[in-house]
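Since we're looking at a predicted model, the values are computed, not measured. Lettering follows sequence order; numbering is per chain, from 1.
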Amino acid sequence: MLDAAFIRDHMEEVRAGLRHRGIDPDKALQEIATLETARRRMIPEVEGLKRQQNASGDEIARAKRHGQDIGPVQEASRLRAQQIKQLGTQLDAIEGQRNRALLQIPNLPHATVPVGKSAADNVEVRRRGEPRTFDFEAKPHWELGEALGILDFERAARIAGARFAVLFGAGARLERALINFMLDLHTRQHGYREVEPPVMVNAAALTGTGNLPKFEADLFKIAGDWDLYLVPTAEVPLTNLHRGEILDGRELPIRYTAYTPCFRSEAGSYGQDVRGLIRQHQFDKVELVKLTTPEQSYGELESLVANAETVLDLLELPYRTVLLCTGDMGFASAKTYDLEVWLPSQKTYREISSCSNTEAFQARRANIKYRAGGTGKPEFVHTLNGSGLAIGRTLIAIVENYQQKDGSVVIPPALRPFMDGREVIEP
RNA sequence: GGAGAGGUGGCCGAGCGGUCGAAGGCGGCAGUCUUGAAAACUGCAGAAGUCGAAAGGCUUCCAGGGGUUCGAAUCCCUUCCUCUCCGCCA
């Protein structure tokens, strides 16, 4: 959420930022400006009446103590009370409308974000590892996985439906090894605190991160008399851990990592990546979240990206790091780097991590503040999040990049300690 | 699922419908004292909104929402949460 006062005072800047995202902001911004003006006109009026009402309350109390007649004052007070209630209702309506409108506005892109319309305008900032050359036709992971007996989509469809998968044996073990490998790395080497959060969250939490109210269609909602959704990413519970708190600035930055399953309805994605593990309703992910001061947030974004890159470096998977352009960024983000891993079967780089600084966008929605030095005036923190990494897609990358002509898959050396020293998965 | 007890400032904990943003304690910050620290003493300390150039003023906030009343932390309704006991259960 943007700050209403900021929109009022920096209308042109806001307009330009939103236009770079490819949306026409005039109508929405005009509505917010109008409501904000009306709100600020009404507030002094209502508060003036309340002040009078408080004064007459004191007067009545005093008169009563002295046994004086309070009839006339009380009558005036009664009428004023009605007026206050009526104006208060109007003011609440205006404020509610303003806030609902504000929740629909995406974050503004940071000045260092390239202006562009689509993924084609993203800027590659780094490329590491050389895509391997195969002396045979590289197979897609679903063929390899099914042949190895570690991946089963048909049985998954039987028990759940399309876009689900079952892992068996070494596949299930590989998934678990990746989770442990990443959590160990981030907690031991990168300074994150491990968290095991709920994977069902309420609407307030989802509003805090920006998933609601606008993107409800992407979520799985729990049926029955529950205000609960399955988490689309651990970013939601982790970022909301401190919702409504004022943190001591000396404790920042706070760094959390969590493994959770993630659930996405992927509404509107029909026809994309229908085969294999790329796009599933349920997938595992190790997430990284930071709460920082505004001063340090962009430094922390770079180190967060580096933390995620380290995973790919250690697994010796070829990848590139891409700075998303204004038109390709998520709703809450001010600046996003994607990590894209090389998939031999597709002969292309595919997203495996997305790392964003949302600045105060989520903090304002979730009301997360800090006091500089523990004593200053409360200010909004900056929140960051990134995948470190998506487990399922990492498994895909390993299976495809480490495949051999006979259909077996070599386990990356860094992962072998998590696989009882096993070096290869074969039929 | 059944029965009961609660939710007050960073924490604990008082609070007859009016003078309560809220006693007291702990913790925090600053100072006095001290070579330093501790102790003791003194003082300062919540958040949001709004007006104002500022100083400062005003309004709101005692889990959330609604109601009664001239006036609600205090009375009523409701939702949520916590705790205890019983039942069920990984």
Could you write out each protein N or O paired with an N or O of nucleotides 49-53 of chain B at a distance under 3.5 Å?
{"unit_1": "G49(B)", "atom_1": "O3'", "unit_2": "Arg39(A)", "atom_2": "NH2", "d": "2.9"}
{"unit_1": "G49(B)", "atom_1": "N2", "unit_2": "Glu47(A)", "atom_2": "OE1", "d": "3.0"}
{"unit_1": "G49(B)", "atom_1": "N2", "unit_2": "Glu47(A)", "atom_2": "OE2", "d": "3.1"}
{"unit_1": "U50(B)", "atom_1": "OP1", "unit_2": "Arg39(A)", "atom_2": "NH1", "d": "3.1"}

*Aromatic ring proximity, centroids under 6.0 angstrom, Phe418(A) and Phe181(A)*: yes
*Paired with A55(B): which nucleotide, if any, by Watson-Crick or G-U wobble criteria at under 3.5 Å for both distances?*
none
*asked:* For a quick check of understanding: with a heavy-atom distance under 4.0 Å over all strands, which category does Asp58(A) fall into, base, sugar-phosphate or nothing?
replied: nothing
*Is Asp121(A) salt-bridged to Lys117(A), cutoff N-O under 4.0 Å?*
no
*Would you jot down, in residue-number order, the residues of residues 198-209 of chain A having a non-hydrogen atom under 4.0 Å from RNA chain B?*
none
*Output yes when Glu12(A) and Arg15(A) qualify as a salt bridge under the 4.0 Å nitrogen-oxygen rule, no when they do not.*
yes
*Take Asp338(A) and Ser354(A), measure what side chain to side chain donor-acceptor pair (under 3.5 Å) needs, and give me the verdict at the end.*
CA-CA 4 Å; Asp338(A) 274 7; Ser354(A) 190; 2.8 Å; yes
*asked:* Can you tell me the base-pairing partner of U42(B)? Count Watson-Crick or G-U wobble geometry only, both distances below 3.5 Å, and say none if there is no partner.
replied: A30(B)
*Inter-nucleotide P distance (A39(B), A30(B)), Å rounded*: 14 Å
_Looking at Arg193(A), I'd like to know if its CZ atom is crowded, meaning that more than 12 non-hydrogen atoms belonging to other residues, nucleotides or ligands lie closer than 6.0 Å._
no
*Contact class for Lys85(A) vs. all strands (heavy atom < 4.0 Å): base, sugar-phosphate, or nothing?*
sugar-phosphate
*asked:* Under 3.5 Å, is there a donor on one side chain and an acceptor on the other for Thr239(A) and Thr383(A)?
replied: no
*State the pairing partner of G1(B); accept Watson-Crick or G-U wobble contacts with both distances under 3.5 Å, and report none otherwise.*
C86(B)
*Nearest heavy-atom pair of Val424(A) and Ile411(A): which atoms, and what distance?*
N-CD1, 4.0 Å
*To the nearest Å, how far apart are Asn54(A) CG and C61(B) C1'?*
14 Å
*With the threshold set at 4.0 Å, does a side-chain nitrogen-carboxylate oxygen contact exist between Glu95(A) and Arg98(A)?*
no
_For the C1' atoms, the ones on G21(B) and on G15(B), what distance do you get once it is rounded to whole angstrom?_
13 Å
*Counting only Watson-Crick or G-U wobble pairs whose two distances fall under 3.5 Å, which nucleotide matches C81(B)?*
G6(B)
*Write down the partner of A47(B) under the Watson-Crick or G-U wobble criteria, each distance required to be under 3.5 Å.*
U60(B)
*Write down the distance separating the P atoms in C76(B) and A72(B), rounded off to the nearest Å.*
15 Å
_Watson-Crick or G-U wobble partner of C70(B), both distances under 3.5 Å_ = G18(B)
*In whole Å, what is the span from the CZ atom of Arg41(A) to the P atom of U59(B)?*
22 Å
*Between Arg371(A) and A47(B), is there a side-chain N or O to OP1/OP2 distance below 4.0 Å?*
yes
*Considering only the C1' atoms, how many Å lie between G65(B) and G13(B), rounded to the nearest integer?*
27 Å
